[in-house]
Amino acid sequence: MGLFDRLKQGLQKTKDLLRSDIRDLFRDGQILDDEQLRQLEGKLLKTDMGVVASTAVIDQLREEHGGRTVDVEAIFETVKDALKEQLAGAGEEQPDWDNDDPIAPLSLADEGLSVILVAGVNGVGKTTSIAKLAHLLIASGRRLVLVAGDTFRAAAVEQLTMWSERLGCEIVTGAPGSDPASVAYNGCERAIETGADCLVVDTAGRLQTDRNLMQELEKIHRVIASKVPGAPHESLLVLDATTGQNGISQARNFTEIVDCSGIVLAKLDGTARGGIVVPIRQQMDLPVKYVGVGEGVEDLEPFDADWFVEALFEAGE
Ligand SMILES: Nc1nc2c(ncn2[C@@H]2O[C@H](COP(=O)(O)OP(=O)(O)O)[C@@H](O)[C@H]2O)c(=O)[nH]1
Ligand SMILES: [Mg+2]
């Protein structure tokens, strides 16, 4: 299955909501009125795209189609255009990377070791996203070392170890409860020693309100930066698409404490609230680099705004 088809499949729940609901609301040949637009606004809001975006979509529809005879496909086109515009975001531009190169979103070192640090709240999908990234990096011919930086839970180390065995890459772990910064340090040493191309560092889940844990993350950052020039080359914040607006407020505070370079939005397949990517783009000054659309290693897609919107509205299954 190609990347686009996989994305479409992953977005099925949100797609069902949008396409079928718009179809139910509008019938070809009717006159588009305000009541229909109000109802559509409610449906758009159900995808978690937020008030700003849904208002913009409705305004655009009213302007282009209000009082006219409904053409459902033309309505879809207007909704898509309006959404693409909203996904441009308010801050840093969403880069337009090569959709055929799955590692294009990652800024890696031109030569030598690249370090990718992955952080976020508990259970959002960090470790799984690391396995998926590792899979992409290995497929691109890179040699990598994983660091099991979540030393709090034995299960977390086991989980990443299991992935490293499946993927066939090296892993550096520490004793349970040991200082994750020292495990990260050992990981850097190991990667340098073996001439690996990438080091991917997993971390324990933390809330932005937990000062000790946030300081620990800063320390991991510091240690990596001191060992490897330019590191971390990527500092990815993983968000869970199923947590909605709540996840965004958490993430905003997060990025105030540690510098992040991009977002991985996991679990988009598990929710009809895939519209959440819109307020993420609007409220966070960070590009969305990847979206997670399943639990398998292949279920990670580079995020592209146009693709995303097209996948949401593509006709058929
Ligand atoms: N459906 C789905 N499940 C996911 C995705 N990413 C992670 N998960 C699941 O979410 C749960 C928590 O993931 P994990 O990577 O352990 O989260 P962590 O605590 O942030 O490291 C696991 O059961 C994963 O299989 C995704 O993109 N889609
Ligand atoms: Mg984990």
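We count ligands from 1, going down the list as the structure has it; atoms in each ligand are counted the same way.
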*For atom 18 (P) of ligand 1, what is the nearest protein heavy atom, given as residue, atom name and distance?*
K126 N, 3.4 Å

_Atoms in ligand 1 with a heavy atom of V293 nearer than 4.0 Å_ = 27 (O)

_When you measure from the centre of the six-membered ring of Y185, is the NZ or CZ of K227 closer than 6.0 Å and no more than 45° off the axis?_
yes

_Strictly below 4.0 Å, N to O, side chains only: are R62 and D59 in salt-bridge contact?_
yes

*Hey, does K132 come in under 3.5 Å of ligand 1, counting only N/O atoms on both sides?*
yes

*Less than 3.5 Å between some nitrogen or oxygen of V124 and one of ligand 1, yes or no?*
yes

*For atom 12 (C) of ligand 1, closest protein heavy-atom neighbour*: G123 O, 3.7 Å

*asked:* Between K126 and D150 (salt bridge meaning N to carboxylate O under 4.0 Å), is one present in this structure?
replied: no

*asked:* Which of the numbered atoms in ligand 1 are under 4.0 angstrom from any heavy atom belonging to G292?
replied: 27 (O)

_Under 3.5 Å: N/O of A266 near N/O of ligand 1_ = no

*Is the Mg ion (ligand 2) less than 2.8 Å from an N/O/S atom of N122, whether that atom is in the backbone or a side chain?*
no

*Cut-off 3.5 Å, side chains only: do Q86 and R281 have a donor facing an acceptor?*
no

*asked:* Between E193 and R190, does any NZ, NE, NH1 or NH2 come within less than 4.0 Å of an OD or OE carboxylate oxygen?
replied: yes

*asked:* Could you check, using the six-membered ring where one of them is a Trp, whether F76 and F313 have ring centers closer than 6.0 angstrom?
replied: yes

*Part of D269 with heavy atoms under 4.0 Å of ligand 1, whether side chain, backbone, both or neither*: side chain

*Do NZ/NE/NH1/NH2 and the carboxylate oxygens of R273 and D48 come within less than 4.0 Å?*
yes

_Using a plain distance cutoff, I'd like to know if T128 has any nitrogen or oxygen under 3.5 Å from a nitrogen or oxygen of ligand 1._
yes

_NZ/NE/NH1/NH2 to OD/OE distance under 4.0 Å, D240 and K267_ = yes

_SB check R153 E158 (cutoff 4.0 Å)_ = no

*Please write down residue, atom name and distance for the protein heavy atom closest to atom 3 (N) of ligand 1.*
E295 CG, 3.2 Å

*atom 8 (N) of ligand 1 - nearest protein heavy atom and its distance*: K267 CE, 3.9 Å

*Among all protein heavy atoms, pick the one closest to atom 17 (O) of ligand 1 and tell me residue, atom and distance.*
G125 N, 3.0 Å

*Under a 4.0 Å N-O cut-off, is there an ion pair linking K46 with E41?*
no

*Which ligand 1 atoms, with their elements, are less than 4.0 angstrom from a heavy-atom of Q159?*
14 (P), 15 (O), 16 (O)

_G294 versus ligand 1: do any nitrogen or oxygen atoms come within less than 3.5 Å of each other?_
yes

